[in-house]
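All remarks here apply to the structure that follows.
Residues: numbered from 1 along the sequence shown. Only heavy atoms go into these numbers, but all of them, side chains included; no hydrogens, no water, no symmetry mates.
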Amino acid sequence: MDYNFAFDDNGSPRAFGPDADKPLFSFLEGDVQGSDKVCQTLLELLTMVENTAQEREFNGNAHTVTMKHNHISIVNNYVETPPFITSLENFRAVLMAWRTFLLVQDE
């Protein structure tokens, strides 16, 4: 996983990495932001999908995340672009890294 997280001059968390993953970074920055509560909600939904194979959805500020048994789809609600598709494993890993970054900064 080749991602970097940092705070900008305004104190907002930012995500950086491969161009192909920009929709994921946009979701982290715009919808998850600095909220551990949102991270926890997403992780709980992800666990439900993994345990039951039932589809779950999360509607954030700018994106809709659809969690299915075989992939995650992130759709920007304001910019018409193709959905960003990733695996459940990758989504969990990125979300956990983002959460760790946020929690370490709070210490």
Side-chain angles (χ1 to χ4, degrees):
M1 191 166 61
D2 191 24
Y3 304 127
N4 294 302
F5 307 125
F7 287 95
D8 66 16
D9 292 339
N10 296 320
S12 298
R14 298 289 180 217
F16 306 94
D19 285 346
D21 291 335
K22 282 190 177 186
L24 178 56
F25 304 148
S26 177
F27 167 71
L28 291 173
E29 294 173 359
D31 295 272
V32 180
Q33 301 176 9
S35 175
D36 182 49
K37 183 175 179 176
V38 173
C39 287
Q40 288 177 331
T41 297
L42 288 163
L43 290 167
E44 289 169 6
L45 290 172
L46 186 57
T47 299
M48 285 184 218
V49 170
E50 292 168 334
N51 290 340
T52 67
Q54 291 182 338
E55 182 177 314
R56 299 286 184 211
E57 190 170 276
F58 174 84
N59 293 298
N61 298 324
H63 299 83
T64 298
V65 177
T66 303
M67 302 177 188
K68 297 185 178 186
H69 74 281
N70 60 347
H71 72 274
I72 302 287
S73 171
I74 300 175
V75 175
N76 188 312
N77 296 333
Y78 297 102
V79 179
E80 204 162 314
T81 57
F84 175 81
I85 307 294
T86 192
S87 68
L88 279 69
E89 296 82 13
N90 185 61
F91 187 75
R92 179 182 292 283
V94 172
L95 194 57
M96 289 298 298
W98 183 255
R99 183 174 187 227
T100 298
F101 162 71
L102 296 174
L103 293 175
V104 167
Q105 299 304 318
D106 284 343
E107 292 180 354

### Query
Are Val49 and Lys68 side-chain neighbours, meaning at least one heavy-atom pair lies under 4.5 Å?
no
### Task
Identify the heavy atoms of Pro13 and Gly34 that sit nearest to each other, and give their distance.
CG-N, 3.9 Å
### Query
Which atom pair, heavy atoms only, marks the closest approach of Phe16 to Ala6?
CE1-CB, 4.2 Å
### Query
How many angstroms lie between atom OG1 of Thr66 and atom CG of Leu45, to the nearest 0.5 angstrom?
11.0 Å
### Query
Rounded to the nearest 0.5 Å, how far does OG1 of Thr86 lie from CG of Asp21?
7.0 Å
### Query
Any chain of hydrophobic side-chain contacts (each under 4.5 Å) joining Ile74 to Tyr3?
yes
### Query
Does any N or O in the side chain of Asp31 come within less than 3.5 Å of the main-chain N or O of Asn61, such that one atom is a donor and the other an acceptor?
yes
### Task
Would you confirm whether Asn10, through its side chain, and Ser12, through its main-chain N or O, come within 3.5 Å as a donor-acceptor pair?
no
#### Entry: Within 6.0 angstrom of His69 NE2, more than 12 heavy atoms from elsewhere
no
#### Entry: Smallest separation among heavy atoms of Phe25 and Pro18, with atom names
CE1-O, 3.7 Å
### Message
Under 4.5 Å between side-chain heavy atoms, counting indirect links through other Ile/Leu/Val/Met/Phe/Trp/Tyr residues: same cluster for Ile85 and Val65 or not?
### Response
no
### Message
To the closest 0.5 Å, what do you measure between CG (Asn59) and OG1 (Thr64)?
### Response
4.0 Å
### Task
Mind running side-chain contact (heavy atoms from CB on, under 4.5 Å) on Arg56 and Leu46 for me, showing each step along the way?
CA-CA 8 Å; Arg56 299 286 184 211; Leu46 186 57; over 6 Å; no
### Least distance between heavy atoms, Arg14 atom then Glu29 atom
CA-OE2, 3.3 Å
### Query
Under a single-linkage definition using a 4.5 Å side-chain heavy-atom cutoff for Ile, Leu, Val, Met, Phe, Trp and Tyr, are Val75 and Leu24 assigned to the same hydrophobic cluster?
no
### Query
Relative to the ring of Phe101, is the ring of Phe5 parallel (under 30°), tilted (30 to 60°) or perpendicular (over 60°)?
tilted
### Message
Once rounded to the nearest 0.5 Å, what's the spacing between atom CE of Met67 and atom CD of Glu50?
### Response
9.5 Å
#### Entry: Shortest non-hydrogen separation from Cys39 to Leu95 and the atoms involved
O-CD2, 3.9 Å
### Task
Rounded to the nearest 0.5 Å, what's the gap from CG on Leu28 to CG on Leu102? Could you check?
9.0 Å
#### Entry: Distance, nearest 0.5 Å, that separates CE of Met96 from CG of Leu103
9.0 Å
### Query
With no hydrogens and no angle check, is any side-chain donor or acceptor of Thr41 less than 3.5 Å from a backbone partner on Lys37?
yes
### Task
Measure the acute angle between the ring planes of Phe27 and His63, then classify it against the limits of 30° and 60° as parallel, tilted or perpendicular.
perpendicular
